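Read the structure below first, then the notes.
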Amino acid sequence: MNSNSLISGTLANLVQADQFSLMNIPSMVIEFLALNSKPLLQVLLLPGLGFILGFAIFAVWFERKFLARAMLRVGPYYCGGRAGVLQVFADFLKLFMKEIIIPTAIDWPFFVAMPVFLSTIPSLALLLIPFASNWVLWDVGSLSLPMFFAIMGIAPLIPIFSGWASNNKYSFIGAWRVAYMYISGEIPLVICAAGVAIMAGSMDLVKIVEAQQNMWFAVPQFIGFILFFLGIFIESERTPFDIPVAEVELVFGWRTEYSGILFGFTMMAEYVLFQAWTLMFITLYLGGFNGPVLMGMPTASHIFWLLAKFFVLVVFIILLRCVFPRLRMDQMIKLGWKYMTPLALLNLFFVIVMKILGVV
Amino acid sequence: MSWLRKMLKPLMIVAPYVLRNSQTVAYPTERLMFFERFRGRHVFHLDKCISCGICARVCPDASIEMVEIEGKDKKYPQIDYNTCCLCGYCVNQCPRQALEFTDIVEFATADRSELVYSPERLMEVPDIEDILPMMKRRTEAYLTDKEMKYRKVKDV
Amino acid sequence: MSKISAADFVKAFQKAHPEAVKSIESTDPRRADLVVNNESFIDAAKSLRDNFGLLMPVSGGAIDYPDDNRIQMIYYLMHPGSRFMLTYRVDLNRDEPKLPSLTQVWDAMSFHEREAHEMFGIEFDGHPNMIPFLLPPDWKGGHPLLKDFKGEGQQ
Amino acid sequence: MREPMIEPDVMRISWGPQHPMSGQTRVLLDVDGEKVHRIIADLGFTHRGIEKILENRSFFSGIIPVDRMAMVDTANMSIGYVTAIEKAAGLEVPERAKWIRTLVCEMSRINSHLYAFGLQAESTGYFPAVFLWTTVDREVLLDLFEELTGARWSFNHFFPGGVHHDLPDGFADKVLKAVKYLRGRFKDYWDAMVENPLFENRCDGVAILKPKDALKLGATGPVLRGSGIDIDMRREEPYDAYGDLEWEVITEDACDVMARTKVRYHEIGQALNIMEQIAQSIPDGPVKGRVNAFMRVPEGEYISRVEAGRGELGFHLFTNGTGNPYRVKINSPTLRNMYVFERLAELNEVFVADIPVIINSIDPWYLDSDR
């Protein structure tokens with residue numbers, strides 16, 4: 001399967017040769033599926049739908065139980081045995097059953113569409129991340145890194161539209177804040193990712209991971225490592241940076257007017273973003289599916305390592321929600337422009353110097 | 001580097017909190033033992049009462065009313081728990097300690113009229129076990145140096 | 001902050017503004033009561049703040065004496081130096097109580113004057129934003145803290 | 001619209017009574033982008049007319065509504081009214097009752113400051129970890145209240161002439177154990193929150209109230225002492241046993257939100273010292289004088305000033321010789337601090353994200369300001 005064309009098979013040739021008649025659609029569709037389809041297990045279960053939903057459900061439950069412990073209380077207790085396992089399904093069912101209240105003076109097409117986009121578009125980005133050397137759902141080859149940032153570039157627009165559409169003062173301010181935050185937070189990340197691509201010599205995520213076979217990029221590019229780690233909090237709006245959804249000031253930021261399953265979608269979107277950025281962080285800096293280098297011998301690269309690193313990072317990031325208060329908007333912008341962007345450029349400079357000297 | 005140490009210090013403080021046991025009591029299955037002076041629902045001792053009516057007059061919310069009960073010619077206090085704020089004046093001012101507090105707090109009812117306790121009803125105090133059938137044990141809070149712990153007093 | 005005790009504050013003020021003072025005494029070392037006649041209410045207050053150092057406004061309220069047909073408006077002020085408290089009072093006619101607003105001297109009195117306006121019906125002219133303070137905006141029941149207040153229904 | 005008019009291109013947000021952080025009040029913010037131009041506090045949502053209620057109740061049963069003014073700081077509320085009645089009736093309080101009153105007042109002050117401390121943490125976005133820690137620590141004090149008086153919150157334990165109950169046996173070393181426990185816990189608060197760099201970012205230099213302004217605007221309590229002015233009614237007019245205990249007035253002169261939080265923090269430390277001294281050396285003796293629930297009080301005017309958790313609480317009691325007070329004027333501390341809050345938008349630059357931090361540094365209790 002040639003990896004440089006996005007769509008392959010007769011459909012591509014037909015489209016180019018524009019003899020496109022209604023008659024041979026069924027055959028084209030079947031042939032397209034045959035060529036481009038991945039094993040069903042991969043699509044449905046691991047890197048695909050199952051993993052996204054499974055992590056969202058696990059993260060909600062884990063966060064409520066883990067943070068409850070930090071607050072010296074028990075967390076979900078009655079629903080599904082003492083561990084409260086069914087609490088998340090109960091919440092989802094409740095949200096599913098609830099009536100979706102759409103206020104009158106609202107631009108309802110945008111209002112209804114935005115939460116759906118917010119939870120589906122970032123999950124597209126998840127397909128680019130290599131879970132194993134041949135285990136990439138959407139193999140666009142050397143386009144995968146810029147494709148990830150292209151898709152993730154759309155993600156901040158959606159809260160801005162829905163904040164504007166819900167015609168509510170609090171969501172209006174929340175929408176502004178999303179715009180400020182992504183402008184000041186996203187640029188350093190792209191520069192750091194560029195640094196990684198330069199050091200790995202290619203923009204294909206699989207090659208980036210293979211380049212980290214014997215030394216993870218976290219070691220040489222430590223500044224980029226720290227910045228991208230901060231980037232996870234900024235992009236997925238976790239605690240030190242959950243400024244757009246600051247319950248304390250703005251009732252619920254841009255999500256104030258949502259109820260029912262739309263609110264459920266916005267909650268799930270938060271975890272999909274968090275998942276996508278954490279996996280990207282592991283792929284770029286912690287050597288994706290490569291095992292740790294023990295006594296000079298790189299252990300076999302296997303999907304288990306990716307999931308293990310992912311789990312450890314998730315636990316650490318969730319714990320930080322209890323540890324740090326929230327930043328103010330102007331402090332966040334100052335941090336983004338005055339500290340993160342120059343540091344990212346510095347990191348890029350070091351990477352180029354190391355590349356020229358051939359150190360790594 | 002002191003900035004980094006200051007940044008990590010709150011993390012070092014919060015992380016061990018996850019390992020502490022929780023400070024909550026699972027109410028219906030375990031119920032706390034209240035202290036001896038706890039102000040719960042009243043209990044009325046008919047024999048001690050000389051029906052002087054001080055409790056009715058001293059009550060700040062006028063929720064005590066002296067009513068006749070059949071078989072007795074004197075009047076005895078009837079407490080209306082809709083307005084009673086359990087302030088304890090009636091118990092303190094009663095010359096014969098005819099009114100006392102119990103530690104029953106579960107006396108919510110469906111409608112308001114049931115909350116008006118006649119003297120006879122005030123006299124008998126239901127046992128806690130049949131108010132809370134699902135209660136398994138009684139616990140008690142005690143303080144150690146590091147944290148507040150809960151221990152089992154008795155099984156039910 | 002000058003330390004001047006309540007007793008010699010009374011003597012000093014008596015000497016400085018004899019005509020403004022209706023009655024002044026200090027029963028307790030930390031209290032002083034001063035009743036002022038209405039004309040020199042504002043400039044006596046200004047001299048209290050500037051020359052005698054009573055910088056700190058504590059509170060303000062009124063009290064209704066229906067039998068001798070007067071409402072007394074009381075302002076509580078504190079001397080930050082020697083920490084005694086002065087009750088600065090003025091008597092108003094009960095039928096139409098009018099008073100120049102004290103916010104021009106201590107602007108922290110605006111809340112208390114709004115409350116006195118609502119509860120007693122005292123007119124403060126010169127008050128920056130005389131809007132309802134504690135009672136609901138559509139309250140038509142008269143002034144609750146007056147002695148002859150019968151409740152919103154009967155008014 | 002009965003509030004002042006809005007200027008052009010400014011959005012007025014109603015920080016309404018129905019808001020996660022606003023409590024029972026409505027604050028109108030004129031907001032342009034993130035900057036707040038003007039704050040208008042609209043109080044009165046929990047106005048129960050306590051001053052009118054007290055006129056129709058006897059002195060004894062008047063203590064119940066006064067107890068419920070700032071419920072988290074119950075003892076300091078009722079001690080004010082009870083002291084005023086004792087001055088009016090000329091009652092003598094036995095020595096041991098004075099010490100018990102001071103003990104209960106200081107425990108109530110710790111309870112109130114802990115609550116404020118937790119709210120301050122949550123207002124900066126702490127995801128209520130520290131708020132729940134304070135709730136757990138308040139449980140220790142609530143249990144002590146329950147053991148001594150019978151109720152956890154509004155326990156109306158004082159009455160003119162003494163205290164309802166004496167200390168139960170073994171209470172003193174329970175207090176000492178609680179003091180040791182709380183002191184241990186407070187190191188955690190200091191490291192986890194006050195020294196937290198992000199918390200300092202959010203609180204340092206926010207809403208600065210210079211001493212001159214604090215005096216002019218009539219601030220009181222931790223707000224005043226946060227600006228470096230050491231006015232504390234427990235020292236100016238010592239009531240109960242404050243005269244013969246060693247403690248000092250806490251002031252910080254940074255004049256900002258962090259200073260007020262630190263004042264509350266150190267005041268808790270002082271209150272713990274007082275509790276320790278009382279538990280170790282409380283005199284013996286009777287606990288209440290002659291109890292007359294329907295007492296009459298000679299005619300006259302009596303002022304009592306007491307240091308509640310939120311500031312100086314004053315009662316001006318007018319009596320006309322009958323069983324009920326003629327008029328009770330309550331000078332509530334939160335009302336004065338709310339005026340300071342309204343003027344803070346003009347004194348320095350305030351952002352929308354600062355509003356909850358500032359409100360909780362002033363620690364209002366709207367039942368106290370609305371009376």
Side-chain angles (χ1 to χ4, degrees), chain C residues 1 27-31 33 49 53-65 67 72 74-85 87 89 103 105-112 114-116 118-119 128-139 143-147 149 151, chain D residues 1-5 40-49 51-52 55 87 211-220 224 229-233 235-237 300-303 305 311-314 316 318 320 326-333 335-340 342-343 366 369-371:
Chain C
M1 291 187 226
T27 51
D28 177 327
R30 292 189 198 81
R31 294 287 181 277
D33 301 322
R49 182 189 58 179
L54 279 149
L55 301 170
M56 197 162 169
V58 172
S59 173
I63 174 160
D64 171 25
Y65 295 103
D67 37 26
Q72 188 177 61
I74 307 172
Y75 291 97
Y76 304 87
L77 308 163
M78 187 154 123
H79 190 283
S82 49
R83 313 257 160 101
F84 74 88
M85 180 160 166
T87 54
R89 306 168 187 234
T103 41
V105 182
W106 294 283
D107 62 352
M109 288 298 181
S110 90
F111 273 9
H112 309 289
R114 276 163 65 187
E115 190 191 347
E118 249 179 2
M119 297 295 175
N129 63 343
M130 182 56 75
I131 48 179
F133 183 54
L134 291 181
L135 295 177
D138 52 3
W139 166 266
H143 306 297
L145 276 181
L146 289 179
K147 288 300 175 189
F149 174 71
Chain D
M1 188 68 163
R2 54 187 176 80
E3 273 83 14
M5 281 313 297
I40 303 162
D42 175 8
L43 302 171
F45 284 86
T46 54
H47 173 62
R48 294 160 293 180
E51 289 170 357
K52 190 72 179 178
E55 285 169 16
K87 274 187 188 167
K212 190 172 58 55
D213 293 337
L215 280 180
K216 191 166 77 68
L217 299 178
T220 177
L224 187 66
I229 300 163
D230 61 348
I231 291 180
D232 187 329
M233 282 306 123
R235 194 190 53 190
E236 313 314 337
E237 303 191 3
E301 284 178 30
Y302 311 92
I303 294 184
R305 298 165 71 190
E312 178 212 334
L313 172 72
H316 195 171
F318 298 83
N320 56 5
Y326 183 72
R327 161 98 164 95
V328 180
K329 170 76 181 88
I330 303 173
N331 304 339
S332 116
L335 196 60
R336 298 167 61 183
N337 286 339
M338 278 311 280
Y339 187 76
V340 171
E342 247 195 18
R343 294 283 78 76
Y366 300 107
S369 73
D370 302 348
R371 289 181 302 276

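To find a chain, count down the sequence lines: A is the first, B the second, and so on, and within it residues start at 1. Worth knowing before you read on, the calculation uses all heavy atoms, side chains too, and leaves out hydrogens, waters and symmetry mates. The model shown is predicted, which means the values in this text are computed figures rather than measured ones.
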Practice problem: Enter the distance from C/Trp106:CH2 to D/Leu217:CG here, rounded to the nearest 0.5 Å. | Solution: 14.0 Å
Practice problem: Counting only heavy atoms closer than 4.5 Å, note whether D/Phe45 contacts chain C via side chain, backbone, both or neither. | Solution: neither
Quiz prompt | Nearest heavy-atom neighbours spanning C/Leu146 and D/Lys52 | solution = O-NZ, 3.1 Å
Quiz item: Measuring from D/His316:NE2 to C/Ile74:CD1, what's the distance to the nearest 0.5 Å?
Solution: 5.0 Å
Exercise. Go through the atoms of D/Met338 and report whether side chain, backbone, both or neither lie under 4.5 Å from a heavy atom of chain C.
Key: both
Practice problem: Tell me, out of D/Glu342, D/Lys329, D/Glu51, who's got the most heavy-atom pairs with chain C below 4.5 Å. | Solution: D/Lys329
Quiz prompt | Region of D/Arg305 in contact with chain C, defined by heavy-atom distances below 4.5 Å | solution = both
Quiz item: Distance from D/Ile303 atom CD1 to C/Asp33 atom CG, nearest 0.5 Å?
Solution: 6.5 Å
Practice problem: Considering only NZ, NE, NH1 and NH2 on the basic side and carboxylate oxygens on the acidic side, decide whether C/Arg83 and D/Glu312 come within less than 4.0 Å. | Solution: no
Exercise. Take C/Tyr65 and D/Arg327 through the test side-chain contact (heavy atoms from CB on, under 4.5 Å) and record every step on the way to the result.
Key: CA-CA 10 Å; C/Tyr65 295 103; D/Arg327 161 98 164 95; over 6 Å; no
Quiz prompt | Best-contacting candidate, D/Asn331, D/Val340, D/Ile330, against chain C by heavy atom pairs under 4.5 angstrom | solution = D/Asn331
Quiz item: Hey, what do you get for OG1 (C/Thr27) to OH (D/Tyr302), rounding to the nearest 0.5 Å?
Solution: 10.5 Å
Quiz item: In Å, rounded to the nearest 0.5 Å, how long is the span from NZ of D/Lys87 to CG of C/Asp28?
Solution: 6.5 Å
Quiz item: By a 4.5 Å heavy-atom criterion (distance strictly below it), what part of D/Ala214 contacts chain C: side chain, backbone, both, or neither?
Solution: neither
Quiz prompt | Stepwise side-chain contact (heavy atoms from CB on, under 4.5 Å) check, C/Leu145 with D/Glu55 | solution = CA-CA 10 Å; C/Leu145 276 181; D/Glu55 285 169 16; 4.1 Å; yes
Practice problem: Counting only heavy atoms closer than 4.5 Å, note whether C/Met85 contacts chain D via side chain, backbone, both or neither. | Solution: both
Practice problem: Check whether any side-chain heavy atom of D/Arg371 sits under 4.5 Å from a side-chain heavy atom of C/Leu134, and report yes or no. | Solution: yes
Quiz item: So which part of C/Phe133 gets closer than 4.5 Å to some heavy atom of chain D, the side chain, the backbone, both or neither?
Solution: both
Quiz item: Mind checking whether D/Tyr339 and C/Phe111 have parallel, tilted or perpendicular rings, split at 30° and 60°?
Solution: perpendicular
Quiz item: Of all residues at least two apart in sequence or in a different chain, which pass the salt bridge (Lys or Arg N to Asp or Glu O under 4.0 Å) check with D/Lys216?
Solution: C/Asp107
Quiz item: Quick one: are D/His47 and C/Glu115 in side-chain contact, heavy atoms under 4.5 Å?
Solution: no
Quiz prompt | D/Arg235: partners by salt bridge (Lys or Arg N to Asp or Glu O under 4.0 Å), with sequence neighbours left out | solution = D/Asp230
Self-check item: Smallest separation among heavy atoms of C/Pro57 and D/Leu215, with atom names
Solution: CD-O, 3.5 Å
Quiz item: If every non-hydrogen atom of C/Pro80 is compared with every non-hydrogen atom of D/Ile231, which pair is closest and at what distance?
Solution: CA-CD1, 4.4 Å
Quiz item: By a 4.5 Å heavy-atom criterion (distance strictly below it), what part of D/Glu237 contacts chain C: side chain, backbone, both, or neither?
Solution: both
Quiz item: So, C/Arg31 and D/Glu301, do they make that salt bridge, N to O below 4.0 Å?
Solution: no
